[in-house]
Amino acid sequence: MNSKAGAVCSWLYRLASLFGIQTQKGIFIDLQVTNEDIANFCGITTRNSVNRVIRGLKEKHVIQVKNNRIIVLDMDYLKQFTK
């Protein structure tokens, strides 16, 4: 993955660790975040870049997004970008 994807994965991992609620499906992040919010937090200039990263994470079944809220399905995948 490139640095943008790594930044998003690392940020999602930290967010899930701080604010996540364990559910049967995964770790529910009970904060409404937009792709623009993610871009701003990760230092990415366009939300389109975040769209591509999020789409890739959904295709790999790492996360689900519903109503701008994220469920992390695979924390181990995200954790590899925190080092």
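Note that the coordinates shown come from a computational prediction; the quantities given were computed from them, not determined experimentally.
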Interatomic distance, CG@L73 vs CD@Q64, rounded to 0.5 Å, equals 5.0 Å
Modelled atom types, side-chain donor and acceptor of S17 and R14, under 3.5 Å: no
| request: For T82 and K79, indicate whether the former's side chain and the latter's backbone hold a donor-acceptor pair under 3.5 Å. | output: yes
Heavy-atom nearest pair, C42 first then A7, reads SG-O, 3.6 Å
Separation between CZ (R69) and CD1 (I29), nearest 0.5 Å, reads 11.5 Å
Shared ILVMFWY cluster between V72 and V8, side chains joined below 4.5 angstrom? yes
ask   = Is any side-chain heavy atom of V53 closer than 4.5 Å to a side-chain heavy atom of I38?
value = no
- [ ] Measure the shortest side-chain to side-chain distance between I63 and K58 over non-hydrogen atoms and say whether it is less than 4.5 angstrom.
- [x] yes
Q) For the hydrophobic clusters of this structure (ILVMFWY residues joined by side-chain heavy atoms under 4.5 Å, transitively), does one cluster hold both I71 and V62? A) no
Here the gap from L78 atom CG to W11 atom CH2, rounded to the nearest 0.5 Å, amounts to 11.5 Å
Distance col, row I44:CD1 vs N35:CG, nearest 0.5 angstrom, shows 9.5 Å
One should read off an interatomic distance between L57 CG and R52 CZ, to the nearest 0.5 angstrom, of 13.0 Å
Interatomic distance, CG@D74 vs CD1@I27, rounded to 0.5 Å, equals 10.0 Å
*Is there a side-chain contact between L12 and F81 (heavy atoms, below 4.5 Å)?*
no
Open item on the list: Are Y77 and F28 connected into the same hydrophobic cluster when the rule is that any two of I, L, V, M, F, W, Y join if their side-chain heavy atoms are below 4.5 Å apart?
Closed with: no
Next item on the list: Would you please test T34 and D37 for side-chain contact (heavy atoms from CB on, under 4.5 Å) and show each step?
Entry: CA-CA 5 Å; T34 65; D37 294 332; 3.1 Å; yes
